[in-house]
Q: 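Okay, here's the structure, questions in a sec.
All of these numbers come straight from a predicted model, not from anything done at the bench. Excluded from the calculations below are hydrogen atoms, water molecules and symmetry mates; all remaining heavy atoms, backbone and side chain alike, are included.
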Amino acid sequence: MADKSSVRTGIEFSATVIAVIGAVWAGKTYFETWMHDTIDKAVEEKIAVIEKLQLADLLVLYGYPDEAISELRKIADRVARLDADDKRKIAFYDNYLDAVADSDGTLKFEPEIRMLHSVFSNEMQTDGWHDEKLAYVAMFLPEAQADDGYFDRQVVGRLKLAVNQYEADDDYESLGSAYRNLSLAYLCRGEQDMAVEAMEMAAEMLPFEYYFMVPMWDLEDFLEEPEIKKLDTVCSSNVSQGYARIMQSFGVSENPVREFLREYTR
């Protein structure tokens with residue numbers, strides 16, 4: 001018969017083993033729970049950012065840029081922690097730039113314009129599209145009207161960079177847009193002749209739009225374009241008036257599209 005001390009030792013050992021196993025199992029359960037929660041949180045955060053980016057993109061597409069900016073602000077802190085080459089971060093700043101440019105109240109987003117200029121100058125890569133948008137929103141900064149050098153660098157200079165990039169890519173639609181914005185920049189400074197020349201280049205890139213569609217518009221249509229009208233609040237000259245005069249000229253000038261249609265329908 002085993003003595004009591006041996007039995008007690010065996011019981012104590014068994015209890016120790018059970019306690020160790022219990023602790024290991026509890027630790028395993030805790031670790032699995034922690035891993036599960038950590039992964040779930042990371043996935044949920046990633047999905048939340050992607051959902052906001054998709055929502056902002058759709059809001060801009062359907063004409064609600066201010067609402068898009070409100071949604072983007074909600075994820076700004078999360079995006080700031082991402083690497084510069086993270087696709088979510090790239091999409092965030094692209095959507096932000098697009099929304100600020102498209103807003104009827106671009107002027108009220110001066111802090112955002114400065115932030116975007118800083119980001120794209122120091123962190124993110126740019127292409128023709130970025131340079132065109134950054135040039136446009138720069139016209140709403142006070143220094144654009146107070147400093148000719150700034151205007152030449154950040155507005156005219158960037159638009160010319162966009163023109164060069166689009167030309168290299170044979171992207172004629174975007175090239176037409178860049179020349180149009182370059183025309184608006186010249187109108188902003190009251191340089192009518194340069195504005196006409198730039199708009200004629202835009203028409204050369206997009207003849208159907210300028211020589212066929214534009215003549216169907218009335219003067220009031222050009223004067224009331226929100227994108228153009230809002231520049232009157234910051235530019236030294238009346239941009240919408242100058243723009244309307246230029247656009248009306250396409251209705252009475254030599255019309256290559258009309259000539260083409262005439263030849264085609266003979």
Side-chain angles (χ1 to χ4, degrees), residues 56-70 72 94-110 112-113 116-117 128-142 144-145 151 154-156 158-160 162-163 166 171-192 194-203 205-206 208-210 213-251:
D57 192 37
L58 287 171
L59 286 168
V60 173
L61 179 64
Y62 288 104
Y64 299 97
D66 289 19
E67 289 78 359
I69 292 170
S70 295
L72 291 170
D94 284 358
N95 284 342
Y96 220 126
L97 179 57
D98 209 14
V100 171
D102 284 3
S103 172
D104 289 344
T106 298
L107 179 61
K108 70 184 178 183
F109 294 113
E110 182 181 329
E112 284 82 359
I113 294 172
L116 290 165
H117 269 264
W129 181 86
H130 293 99
D131 283 320
E132 182 184 359
K133 292 285 185 178
L134 287 167
Y136 177 77
V137 298
M139 284 194 278
F140 293 88
L141 295 176
Q145 300 308 313
F151 196 95
Q154 296 298 337
V155 180
V156 175
R158 278 192 182 274
L159 285 169
K160 288 182 176 179
V163 164
Y166 292 145
D171 187 347
Y172 298 110
E173 183 175 355
S174 296
L175 191 54
S177 172
Y179 272 122
R180 177 175 178 270
N181 278 320
L182 185 57
S183 179
L184 296 180
Y186 287 131
L187 287 172
C188 190
R189 288 207 299 199
E191 298 177 3
Q192 186 75 18
M194 296 292 288
V196 169
E197 185 178 327
M199 199 69 81
E200 287 175 347
M201 289 300 298
M205 298 301 109
L206 303 169
F208 183 83
E209 180 177 331
Y210 283 83
M213 299 300 295
V214 165
M216 299 180 184
W217 290 29
D218 295 324
L219 175 64
E220 290 72 21
D221 295 328
F222 301 118
L223 292 173
E224 295 302 319
E225 277 194 62
E227 179 194 0
I228 311 300
K229 195 173 181 181
K230 66 182 178 179
L231 283 170
D232 289 337
T233 62
V234 294
C235 293
S236 57
S237 63
N238 192 304
V239 177
S240 57
Q241 288 283 352
Y243 173 75
R245 287 195 296 270
I246 293 175
M247 298 305 278
Q248 278 200 309
S249 70
F250 288 106

Q: Please examine the side chains of Asn95 and Val60, heavy atoms only from C-beta on, and report whether any two atoms are closer than 4.5 Å.
A: no
Q: Can you see which heavy atom on Ala101 is nearest to which on Tyr136, and at what distance?
A: O-CE2, 3.5 Å
Q: Could you tell me the separation between the CE atom of Met199 and the CG atom of Leu187, rounded to the nearest 0.5 Å?
A: 6.5 Å
Q: Determine the minimum heavy-atom distance between Tyr210 and Ala202, stating which atoms define it.
A: OH-CB, 3.6 Å
Q: Looking at Asp104 and Lys230, does any basic side-chain N land under 4.0 Å from a carboxylate oxygen?
A: no
Q: Any side-chain heavy-atom pair from Tyr172 and Leu206 closer than 4.5 angstrom?
A: no
Q: Rounded to the nearest 0.5 Å, how far apart are CG of Leu223 and CZ of Arg245?
A: 9.5 Å
Q: Just how far is it from atom CG of Asn181 to atom CG of Asp131, taken to the nearest 0.5 Å?
A: 12.0 Å
Q: Do you know the tightest heavy-atom contact between Ala68 and Ala99?
A: CB-CB, 4.2 Å
Q: If we ignore angles and hydrogens, is there a donor and acceptor under 3.5 Å between the side chains of Glu197 and Tyr186?
A: no
Q: With a 4.5 Å heavy-atom cut-off, do Phe140 and Leu231 have their side chains touching?
A: yes
Q: Which pair of heavy atoms, one from Ala195 and one from Ser183, lies closest together, and at what distance?
A: O-OG, 2.8 Å
Q: Would you check if Arg189 and Met194 make a side-chain contact, meaning some heavy-atom pair closer than 4.5 Å?
A: no
Q: Sub-3.5 Å donor-acceptor pair from the side chain of Ser103 to the main-chain atoms of Val100, do we have one?
A: no
Q: Identify whether the distance between the nearest side-chain nitrogen and carboxylate oxygen of Glu209 and Arg180 falls below 4.0 Å.
A: no
Q: Any heavy-atom pair between the side chains of His130 and Arg158 that's under 4.5 Å?
A: no
Q: For the OH atom of Tyr64 and the CG atom of Leu58, what is their distance to the nearest 0.5 Å?
A: 12.0 Å
Q: Nearest 0.5 Å, what's the NZ-CG distance between Lys133 and Leu159?
A: 11.5 Å
Q: Heavy-atom distance under 4.5 Å between the side chains of Cys188 and Gln145, does that happen here?
A: yes
Q: Side chains of Glu110 and Pro142, heavy atoms from C-beta outward: is any pair under 4.5 Å?
A: yes
Q: Any donor-acceptor pair under 3.5 Å linking the side chain of Asp232 with the backbone of Ser240?
A: yes
Q: So Asp66 and Lys108, side-chain contact (heavy atoms from CB on, under 4.5 Å) or not? Walk me through it.
A: CA-CA 11 Å; Asp66 289 19; Lys108 70 184 178 183; 3.0 Å; yes
Q: Taking it one step at a time, do Val137 and Leu116 satisfy side-chain contact (heavy atoms from CB on, under 4.5 Å)?
A: CA-CA 10 Å; Val137 298; Leu116 290 165; 5.8 Å; no
Q: How many angstroms lie between atom CG of Leu97 and atom CG of Leu134, to the nearest 0.5 angstrom?
A: 5.0 Å
Q: What is the ring orientation for Trp217 with Phe222, classed by angle as parallel under 30°, tilted 30 to 60°, or perpendicular over 60°?
A: parallel
Q: Could you tell me whether the side chain of Tyr166 reaches within less than 4.5 Å of the side chain of Met205, counting heavy atoms only?
A: no
